[in-house]
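Worksheet for the structure shown next.
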Amino acid sequence: MIPKVRKAVFPAAGLGTRFLPATKAQPKEMLPVVDKPLIQYGVEEAMHSGIQNIIIVTGRGKSSIEDHFDVSFELEQLLESKHKSDVLSMVRNISEMIDVCYVRQKEALGLGHAVLRAKELVGTEPFAVVLSDDIIASDTPCVRQLLDVYSYYGASVLALMEVPREQISAYGVVDAELVSDNGRQNRLYRIRNMVEKPKSEDAPSNLAIIGRYVLTPEIFECVESIEPGSGGEIQLTDALKLMLRNRPIYGLKFEGTRYDAGDKLGFLKATVEFALNRHDLGEPFRAYLKTLCIQ
Ligand code: G1P
């Protein structure tokens, strides 16, 4: 029987250098897109995919993430006394949303290293990994789409997206062959090889790994066996490449729109599009945008 995926790991100990100075004294995971921190989008996606346990890998200066998912007595009392029941229930929902555990990554030594920090909390179960920089808007949550493939094959599954050649060197890139699967026509791949942040001329394809993974627990020993790779960091892509020697790994070109919210332009795009889609803000915001004389 294929074991169920109950846990999701959120690496959140990175330094957020792409978003300085905003991230000098606050975690990038707490930057709000409209009114919700980046990490909450990922947590909600995992929750709506049926995941029950969230493991956040934090580091120094990240305590506001823990506070965000904790009970806020003073705020709740104040909202209660002012009879602001809508806002109160929204604030309570965040802490009641899900069961969260934290583990520290003392040094930001790479994504593979961050995932390895969750080994004790994950144990010997399959688990999801969610990078909260990547916000994915879709009808079926992206993690759910990966879980559907996982529950059929019982193997690790990565989210894939086609990216322009000139941007490919910012990603893990796969060499993969299409799997004929009627339910997911032209979207499901079996991965043959992968490489982290190749030069565009060396990239094996234009299929990039996006920040959603479902992994089987053998990944931990693979991370333990690899040397630092691209950027001198312990890369998850290198561990997956090692795992490929013994296990199949699938890739799914997911359905949905991905925003790279860890990048300033991607963050602005997410902010504008999410605001336009909000029932309370969309109309006045659209009217405002129309007044801008954009060439
Ligand atoms: C990480 C992964 C990379 C992946 C990317 C997706 O890179 O190492 O393989 O393509 O996330 O967002 P980072 O963006 O942390 O440098």
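What you see below is based on every heavy atom in this structure, not just the backbone, and it leaves out hydrogens, waters and symmetry mates. Keep in mind it's a predicted model, so treat the numbers as computed, not measured. Atoms within a ligand are numbered from 1 in the order they appear, just like the ligands themselves.
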- prompt: So, E45 and R212, do they make that salt bridge, N to O below 4.0 Å?
  reply: yes
field: Salt-bridge present (R18, D260; N to O < 4.0 Å)
entry: yes
message: Check R278 with D35, please: is the shortest side-chain N to carboxylate O separation under 4.0 Å?
response: yes
- line: atom 8 (O) of ligand 1: closest protein heavy atom, distance to 0.1 Å, is E196 OE2, 2.7 Å
query: Are any of the N/O atoms in I210 less than 3.5 Å from those in ligand 1?
result: no
task: State the atoms of ligand 1, each with its element, that fall below the 4.0 Å cut-off from a heavy-atom position in Q235.
output: 8 (O)
message: Which residue and atom name correspond to the protein heavy atom nearest atom 11 (O) of ligand 1, and how close is it?
response: L131 CD1, 3.4 Å
message: Heavy-atom pairs closer than 4.0 Å: do any link ligand 1 to the side chain of R258, the backbone, both, or neither?
response: side chain
- request: Specify whether the nearest protein heavy atom to atom 15 (O) of ligand 1 is under 4.0 angstrom away.
  value: no
message: Which option wins on minimum heavy-atom distance to atom 7 (O) of ligand 1: K197, E233, R18, M161?
response: K197
- request: May I ask you to decide whether E224 forms a salt bridge with K119, counting only side-chain N to carboxylate O separations under 4.0 Å?
  value: yes
- request: Return yes or no for this condition: an N or O of D134 is under 3.5 Å from an N or O of ligand 1.
  value: yes
message: Can you tell me how the ring of F127 sits relative to the ring of F220, calling it parallel under 30°, perpendicular over 60° and tilted otherwise?
response: parallel
task: Give a yes-or-no answer on whether the side chains of H113 and Q105 include a donor-acceptor pair shorter than 3.5 Å.
output: yes
- line: Within 4.0 Å of some non-hydrogen atom of G172, the atoms of ligand 1 are 3 (C), 4 (C), 9 (O), 10 (O)
task: Check if T237 has a non-hydrogen atom at a distance under 4.0 Å from any atom of ligand 1.
output: yes
field: Flag if over 12 foreign heavy atoms under 6.0 Å of NZ, K84
entry: no
task: Answer yes when R165 and E201 have at least one side-chain N-carboxylate O distance shorter than 4.0 Å, and no when they do not.
output: no
message: Is there a polar contact, in the sense of an N or O pair closer than 3.5 Å, between I209 and ligand 1?
response: yes
